[in-house]
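A quick write-up on the structure given underneath.
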Amino acid sequence: MLPEHHPRYPSPAKLNLDLRIIGRLPNGYHALESIFTLIDLQDTLCIVPRSDGQIVLHTPTPNVPDEQNLVVRAAQSLRDNAATPGHGADIWLEKRIPMGGGLGGGSSNAATVLMVLNDLWQCGLDTAQLLELALPLGADVPFFIFGRTAFARGVGEQLQPIDVPQQYYVLVRPDVHVSTPAVFAHPDLPRNSIGHPHPTYQNLQPLRNDMQAVVLQNYPEVQAAFAELQQYGTPRMTGSGSCLFLTCEQPQQAQHIRQQLSDRWQSWCVHSLLTHPLFGMISNR
Ligand code: C5P
């Protein structure tokens, strides 16, 4: 439950419309090329400054100690790098984005905290400085600071805008948590896709996700959802899964497909967002 009478800040999920693994970096991470887009499935945060330097998360995440929680770590990082020790915050989080689904919920929450507290604490960091604080928190966090449909390189930190048609998606959540490090470490994962020097939505067709085959092979629950969605089109996975989506031109088509799906899966009809919904609410964007 969020407290009443405090401003509420949105924290949208992402989809990877395309994801290719180009190679491995010296630090063991994988070099990727990926199209990221924001969608209108959102968490909500309530963030209120306090003056005793404490970062207090009032809605802890089950199985995630506060000191590992990206929300807390984002606030601490901004305080330690750009504010004074007296800057603190009370934070409440209302989750709608499932965890372990490849939707970037935790990364999005961290980005929202960085952007909102930069504003509330009047740190005055520009986007480039926020992007720098974002990357050590997780490879997906910079995209949410960038805040619009992006083609990402590196581990996800080299971002450029890319035009993607306005689309609707049927999003399905197989009831299983996929471990991102385990998928990245899998011996069968392809790691030699060809990079695109001049990517466009058109010349990346057909879109694909290089992590999908390994996840379908190793998680029967994801395979079952994939088989059901295949009746209606060509499903793709987002991130390292487990969520799958189908692309639709019209919202009615997405709603129709969703109605046919078995109630075995949690599902949503979502659409892409042109820009981060926070951009209209904070002063420095
Ligand atoms: O950055 P994030 O915490 O989301 O990554 C989780 C794990 O996934 C990393 O510890 C790493 O093992 C793996 N990973 C990778 N290459 C990437 C992103 C993540 O190998 N580009």
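Whatever order the structure lists ligands and atoms in, that order sets their numbers, starting from 1.
With respect to Glu33 and Arg153, a salt bridge is recorded, a charged nitrogen being found less than 4.0 Å from a carboxylate O. Arg96 has no carboxylate O lying under 4.0 Å from a charged side-chain N of Asp43, or vice versa, which leaves the two without a salt bridge. At a threshold of 4.0 Å, the pair Arg173-Asp175 does not count as salt-bridged, since none of the basic side-chain nitrogens sits closer than that to a carboxylate oxygen.
For ligand 1 and His30, the ligand atoms under 4.0 Å from any heavy atom of the residue are 15 (C), 16 (N), 17 (C), 20 (O), 21 (N). Taking every non-hydrogen atom of Leu32 and a distance limit under 4.0 Å, the qualifying atoms of ligand 1 come out as 21 (N). Residue Gly138 approaches ligand 1 through these ligand atoms, each under 4.0 Å from one of its heavy atoms: 1 (O).
At a heavy-atom distance under 4.0 Å, only side-chain atoms of Phe184, from C-beta outward, approach ligand 1.
For atom 7 (C) of ligand 1, the closest non-hydrogen atom of the protein is Pro181 CG, 3.9 Å. Scanning all protein heavy atoms for the shortest distance to atom 9 (C) of ligand 1 gives Tyr29 OH, 3.4 Å.
Judged as a ring pair (Phe, Tyr, Trp, His ring centres under 6.0 Å), the pairs with a partner in residues 119-151 (not counting sequence neighbours) are, in order, Phe36-Phe143, His87-Trp121.
In terms of N/O distances under 3.5 Å, ligand 1 is not approached by Thr180. Ligand 1 has an N or O atom lying under 3.5 Å from an N or O atom of Ala139, backbone or side chain.
Using modelled atom types, one finds no donor on one side chain facing an acceptor on the other under 3.5 Å when comparing Arg148 with Thr37. Side-chain N/O atoms of Ser267 and Arg258 include a donor and acceptor closer than 3.5 Å.
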